Amino acid sequence: MKIWILSDYDSRKNLAVKNLLARFHAEFPGHKAEFEVLTRRSLWDALFAHLRDPKGSPAAGLIELPQSWTPLFSKLGLLSDLSGLMEGPAARYPDFVRRTCLPAEGGSVYAMPWWAEIVCLHYRADSLKKVSKDPQADLASWDGLLKICAALKAACRKKDYYPVENSNPSGAVSAVDVLPCVWARGGDLFSEGFSRCAVTRDETVRGMEDYLSLAARGYMPLFEENFHESGFLVSGLSDLVFSGRQPIQVRAGSRAVHMRPVPYPSSGRPVSPCFVNSLSLCSCAAGEEAPAELLKWLLEPRQARYFTGAFGAFPCHRQPLEDALDSTRHGTMYRKLLENARLRPGVTAYPTCEILLDAALAAAALRSAEGDYDGDDLRRELIKLQGEIDYLLSIY
C-alpha cells in the first residue's frame, strides 16, 4: 500500500508521517504501507497521469490533497465516496471545518480534513519594541505594517536585512500568499455564485499588489532564502513572517524567543485565512481493506494530536483542536479568528486557477527581483488567465 504525502517546508512533517506508519505497522502487522512525498505540482501531474493511463501510472491508495482540490478530482471520478466508511463525520469537526469542507447531511464525502493552518502575522516583540509602542495595534492594518517595516528597515544597519521573511519556500510569490490580501480588499478569484473568474477586478488586483509591494519596497526578499541556510528569521535578518503554524521560535544569542501572532493585517475588512489539507481514498483502491483502515486510524484524535503537534499545525478534529488552543497563550485570538475563518473556494475550476495564478505571480516576482516590475504586465497576464478560467467554468 502506497500513500502520497504533500511536501512541506518543515521536514518534521515527513518524520511525523514516518513515525505514524511505524505505529500503524505495530498495531496492524498484517498491513504494510510506504509513503512518497510529492510537491503540489508533481501530485497534480501524477493524478492526471493516472486518469489518462490507470495501468501505466498507478495512483497511491491513500492521498493527501489540498481541500480545494476535492471538488475537481471527485468530479473526475478519482476519489472514493467515504460516507459509508466514516460514520457521522460532521460531529467530529469544529464549525469552520463543517461549514466549508464537509457536504450537507446525506451528501457524498470524498475527503476527510486532516490538518489546518490558521494564517497570522508573527513578530519579534524584542525587535518591534524599538520602533513601536504598541505593535499589535500598529500591525492591525496593512498601512501600519508598511510603516513598521519602514521603521525597522531604517533602524537596522545589516546589509541583507528585510523586515518580513518570505514564507514561500520557492522564494517567489504564489496565489496562497496573496489571497488573504485579496480578501482583505474585498476581492476574490471568482464572482459570487462562481459563474465568472474575478482576477481582473480592481479590488482583486489591488490585493495582489499589496502583497507584491512588500518586495517592491525592499521589505521582503525574493529568491534569496537559499543564501541563508538557517533562514532570515533565525539569522536575525527578518523580524516578521506570515505563517499558519505555531509556535514560531527563533534564537536571540543564547536564548530562545517565541514570536507573537496577531491577526492578518487588513487594508479594509478583517480577514481570517485558513488552509486545510485532507485525506482521500483513490477510487482505484475501492474495496481494499488496508487503505481504508489506515485512513480511519490516521483520523483518530490520538494520531491527530501527535501529527499536527509535530510540525506546529492545527488539528481539524474538534477536541484535539480545543486542546491545542488551550495549550497556547494565544488561544483566545485563534478562536476568534476561527469564527470567521475563510478557506480557498470549493469550485472545480479553482485548482487550475491557482496553478495559472502561481505562474503569473512567480513571473511578476522575478521581474520585481530584477528591478523591472510593471503592474501592467501582471494585469495582462490576469486578463489571459481570466479567459481560460471562464472557459473552464462554462464547460464544468
Side-chain angles (χ1 to χ4, degrees), residues 1-18 20-21 33-80 82 101 109-117 167-172 174-177 179 189 244 275-286 288 290-292 294-295 298-299 307-308 311 313 316 343-362 389 392 396:
M1 170 178 52
K2 179 174 284 189
I3 311 163
W4 281 344
I5 296 294
L6 281 167
S7 62
D8 196 271
Y9 64 85
D10 192 333
S11 61
R12 294 179 300 173
K13 179 191 173 187
N14 295 341
L15 180 60
V17 174
K18 181 179 180 181
L20 280 172
L21 290 184
E34 59 179 2
F35 72 99
E36 181 180 355
V37 179
L38 286 79
T39 65
R40 289 168 67 94
R41 185 69 210 197
S42 61
L43 176 61
W44 178 268
D45 292 341
L47 292 173
F48 276 103
H50 176 70
L51 286 169
R52 289 190 296 268
D53 182 9
K55 291 185 178 180
S57 301
L62 188 59
I63 305 170
E64 179 188 4
L65 290 173
Q67 182 65 32
S68 55
W69 289 19
T70 305
L72 172 63
F73 288 106
S74 62
K75 187 179 182 71
L76 293 173
L78 187 70
L79 309 180
S80 294
L82 305 175
C101 300
V109 179
Y110 293 100
M112 299 304 300
W114 193 21
W115 61 277
E117 294 182 292
S167 53
N168 190 309
S170 71
S174 70
V176 171
D177 299 320
L179 258 181
L189 302 187
F275 301 124
V276 171
N277 277 20
S278 300
L279 288 173
S280 294
L281 282 181
C282 181
S283 54
C284 67
E288 294 185 19
L294 177 57
L295 172 62
L298 287 173
L299 293 174
F307 176 65
T308 54
F311 63 107
C316 284
L343 281 72
R344 285 172 281 196
V347 59
T348 51
Y350 175 79
T352 306
C353 181
E354 185 179 83
I355 287 173
L356 294 175
L357 184 54
D358 283 348
L361 291 168
I389 300 304
L392 288 180
Y396 283 152

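Remember, it's a predicted structure, so these values are computed and weren't measured experimentally.
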Just by distance, do the side chain of [X] and the backbone of [Y] share a donor-acceptor pair under 3.5 Å?
{"X": "N14", "Y": "S11", "answer": "no"}
{"X": "S57", "Y": "P54", "answer": "no"}
{"X": "S283", "Y": "G77", "answer": "yes"}
{"X": "S280", "Y": "Y110", "answer": "yes"}

With a 4.5 Å heavy-atom cut-off, do [X] and [Y] have their side chains touching?
{"X": "L47", "Y": "W69", "answer": "yes"}
{"X": "L343", "Y": "F275", "answer": "no"}
{"X": "F35", "Y": "K2", "answer": "no"}
{"X": "D358", "Y": "R41", "answer": "no"}
{"X": "W114", "Y": "T308", "answer": "no"}
{"X": "L43", "Y": "L6", "answer": "yes"}
{"X": "F307", "Y": "V17", "answer": "yes"}
{"X": "L65", "Y": "N277", "answer": "no"}

* Asked: Do the rings of W44 and F73 sit parallel, tilted or perpendicular, given the 30° and 60° boundaries?
  -> perpendicular
* Asked: Considering the options L38, I3, I5, which one meets the side chain to side chain contact (heavy atoms under 4.5 Å, CB included) requirement together with E64?
  -> I5
Could you state the interatomic distance from [atom1] ([X]) to [atom2] ([Y]), rounded to the nearest 0.5 Å?
{"X": "K13", "Y": "F311", "atom1": "NZ", "atom2": "CZ", "answer": "5.5 Å"}
{"X": "S174", "Y": "E354", "atom1": "OG", "atom2": "CD", "answer": "7.0 Å"}
{"X": "S7", "Y": "E36", "atom1": "OG", "atom2": "CD", "answer": "11.5 Å"}
{"X": "L72", "Y": "L78", "atom1": "CG", "atom2": "CG", "answer": "9.0 Å"}

Smallest separation among heavy atoms of [X] and [Y], with atom names:
{"X": "M1", "Y": "A290", "answer": "SD-C, 3.4 Å"}
{"X": "A349", "Y": "I389", "answer": "CB-CG2, 4.2 Å"}
{"X": "L357", "Y": "A175", "answer": "CD2-CB, 3.7 Å"}
{"X": "A172", "Y": "D177", "answer": "O-OD2, 4.3 Å"}
{"X": "W4", "Y": "A46", "answer": "CH2-CB, 3.8 Å"}
{"X": "A111", "Y": "S278", "answer": "CB-CB, 3.7 Å"}

* Begin from the C-alpha positions of L298 and L62 and carry the test side chain to side chain contact (heavy atoms under 4.5 Å, CB included) through to its verdict. => CA-CA 11 Å; L298 287 173; L62 188 59; 3.9 Å; yes
* When you look at V109 and M112, which way does the side chain to side chain contact (heavy atoms under 4.5 Å, CB included) test go after all the steps? -> CA-CA 8 Å; V109 179; M112 299 304 300; 3.4 Å; yes
* **S42 and D45: side chain donor to acceptor below 3.5 Å** => no
* Working for side chain to side chain contact (heavy atoms under 4.5 Å, CB included), residues C282 and H50 -> CA-CA 10 Å; C282 181; H50 176 70; 4.1 Å; yes
* Asked: Can you list the steps and then say if V276 with W115 is a side chain to side chain contact (heavy atoms under 4.5 Å, CB included)?
  -> CA-CA 6 Å; V276 171; W115 61 277; over 6 Å; no
* Who passes salt bridge (Lys or Arg N to Asp or Glu O under 4.0 Å) against E117, sequence neighbours left out? -> R245
